[in-house]
Amino acid sequence: MDKVFGSAAEALDGLLRDGMFIAAGGFGLCGIPELLLNAIREAGTKDLTFASNNAGVDDFGIGILLQTRQVRKMISSYVGENAEFMRQYLSGELELEFNPQGTLAERMRAGGCGIPGFYTKTGVGTLVAEGKEHKEFDGETYILERGLVADLSIVKAWKADDTGNLVFRKTARNFNPPAAMCGKVCVAEVEEIVPRGALDPDTIHLPGIYVHRLIQGAHEKRIEQRTTRPAA
């Protein structure tokens, strides 16, 4: 099966529908599947639920879909640096489910591994634990968290071969692997597609069995913070 498509729009063709649940990779502005998010914006798909560490900023990442009111709910860990996110949440326009970062990553990984739920101490005694099952293990209290299974995963990687084996570069290997795992269908955008067999098996971060469609493209690669040092 040929997994390589010519554009983000082509790779998403037949996959998008209103009201669907999408898992997206990225952390801050690093490793964001920007081409696929732009294609979702252009498609006009609405009432979306996103599981993602954060929503980018107002004009980048999932933030561009907040601008067009295409997102109904966010399952996230961090919601700072996005004024439109804050405005919609405080006005009741956007539903928000907070998750600790480790819990969110594990919920994605668990869903991808066929694990329906797991117990964790993180969040016990806080708002995160409200309405969740509590259980005692060895005298300690844990809460039950459910694995996440998304209708679609969108991720960004550095390199791939045509079978979908992915290699992530440095901190872009953040939420991308677990996000890719938890989708019923995964579409990955990469900077370079190399010939089959060119990747050292020991360097592959995500096996191609999780990846259904691929695109190659140029990326903006924004940074969140730039530091400068005065000349000596």
Side-chain angles (χ1 to χ4, degrees), residues 8 11-12 15-16 20-42 45 48-68 70-71 73-86 94 96-109 111-112 148 150-160 164 166-183 185-192 205-206 210-211 213-226:
L12 291 173
L15 300 180
L16 299 177
M20 71 185 307
F21 175 25
I22 301 176
F27 187 97
L29 301 182
C30 180
I32 289 177
E34 58 196 78
L35 305 178
L36 293 166
L37 288 169
N38 283 327
I40 293 172
R41 179 176 182 171
E42 291 300 315
T45 316
L48 299 172
T49 295
F50 268 91
S52 176
N53 176 68
N54 58 287
V57 291
D58 290 312
D59 64 342
F60 192 70
I62 298 173
I64 65 172
L65 300 179
L66 292 173
Q67 289 180 335
T68 52
Q70 289 172 252
V71 181
K73 178 180 178 180
M74 288 294 306
I75 303 173
S76 297
S77 298
Y78 177 68
V79 298
E81 302 179 41
N82 193 317
E84 182 60 20
F85 191 124
M86 179 176 66
L94 179 68
L96 173 62
E97 180 182 334
F98 265 125
N99 279 220
Q101 285 185 342
T103 298
L104 179 56
E106 180 63 10
R107 291 184 72 190
M108 291 178 173
R109 191 200 69 84
L148 291 174
D151 299 310
L152 172 68
S153 293
I154 55 173
V155 298
K156 194 264 181 182
W158 180 36
K159 289 184 180 181
L166 300 184
V167 178
F168 300 94
R169 181 166 173 78
K170 300 185 183 297
T171 53
R173 186 183 175 188
N174 42 50
F175 274 77
N176 277 299
M181 293 172 67
C182 76
V185 178
C186 175
V187 182
E189 60 182 71
V190 300
E191 297 178 38
E192 182 182 5
H205 298 136
L206 187 79
Y210 286 107
V211 179
R213 299 183 181 185
L214 280 170
I215 61 164
Q216 179 177 334
H219 296 85
E220 190 173 341
K221 294 186 180 181
R222 290 197 188 187
I223 59 173
E224 291 187 76
Q225 186 178 34
R226 178 178 297 165

I need the [X] [atom1] to [Y] [atom2] distance, nearest 0.5 Å.
X      : Y      : atom1 : atom2 : result
Met108 : Ser153 : CE    : OG    : 7.5 Å
Glu84  : Ile64  : CD    : CD1   : 13.0 Å
Ile32  : Phe27  : CD1   : CZ    : 11.0 Å
Thr49  : Ile22  : OG1   : CD1   : 9.0 Å
Asn99  : Ser76  : CG    : OG    : 8.5 Å
Ile62  : Ile154 : CD1   : CD1   : 7.0 Å

Of all residues at least two apart in sequence or in a different chain, which pass the side-chain contact (heavy atoms from CB on, under 4.5 Å) check with Ala180?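 If we apply the side-chain contact (heavy atoms from CB on, under 4.5 Å) test to Ala180, skipping adjacent residues, the hits are Val155, Cys186, Leu206.
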
Main-chain N/O of Leu166 paired to His205 side chain as donor or acceptor, under 3.5 Å: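 A pair under 3.5 Å: no.
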
Side-chain donor/acceptor of Arg213 to backbone N/O of Ala11, under 3.5 Å: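 Yes: the side chain of Arg213 pairs with the backbone of Ala11.
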
Non-hydrogen side-chain atoms of Leu96 and Leu94 separated by less than 4.5 Å: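 Side-chain contact under 4.5 Å: no.
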
Taking the side chain as every heavy atom from C-beta outward, state whether Ser77 and Pro100 have any pair of such atoms under 4.5 Å apart.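 The answer is no; the side chains never approach within 4.5 Å.
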
Which atom names give the shortest non-hydrogen contact between [X] and [Y], and what distance separates them?
X      : Y      : result
Gln101 : Phe175 : O-CZ, 3.6 Å
Gly31  : Ala172 : CA-CB, 4.0 Å
Gly26  : Asn53  : O-CB, 3.8 Å
Asn82  : Phe85  : OD1-N, 2.9 Å
Val187 : Leu36  : O-CD1, 3.5 Å
Gln70  : Thr45  : NE2-O, 2.8 Å

With side-chain contact (heavy atoms from CB on, under 4.5 Å) as the criterion, how do Asp151 and Leu15 come out once you've worked through the C-alpha distance, each side chain's angles and the decisive distance to 0.1 Å? CA-CA 9 Å; Asp151 299 310; Leu15 300 180; over 6 Å; no

Name of the residue among Leu214, Ile215, Val211 meeting side-chain contact (heavy atoms from CB on, under 4.5 Å) with Val190: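 Filter result, single survivor: Leu214.
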
Is there a donor in the side chain of Asp58 and an acceptor in the side chain of Gln67, or the other way round, less than 3.5 Å apart?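 Asp58 vs Gln67: no donor-acceptor pair found between side chains.
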
Salt-bridge contact Lys156-Glu191 (side-chain N to carboxylate O under 4.0 Å):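 Judged by the 4.0 Å cut-off on N to carboxylate O distance, Lys156 and Glu191 do form a salt bridge.
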
I'd like to know if Lys159 pairs up with Glu189 as an ion pair, taking the criterion as any Lys NZ or Arg NE/NH1/NH2 lying under 4.0 Å from an Asp or Glu carboxylate oxygen.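 Answer for the salt bridge query: no.
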
As a quick check of understanding, evaluate side-chain contact (heavy atoms from CB on, under 4.5 Å) for Cys30 and Asn174, giving each step before the final call. CA-CA 8 Å; Cys30 180; Asn174 42 50; 4.2 Å; yes

Would Leu65 and Phe50 count as a side-chain contact (heavy atoms from CB on, under 4.5 Å) if you check the C-alpha gap in whole Å, the side-chain angles of each, and the deciding distance to 0.1 Å? CA-CA 10 Å; Leu65 300 179; Phe50 268 91; 3.6 Å; yes

Checking salt bridge (charged side-chain N to carboxylate O under 4.0 Å, His left out) for the pair Glu34/Arg41: CA distance, chi angles, key distance, verdict? CA-CA 11 Å; Glu34 58 196 78; Arg41 179 176 182 171; over 6 Å; no

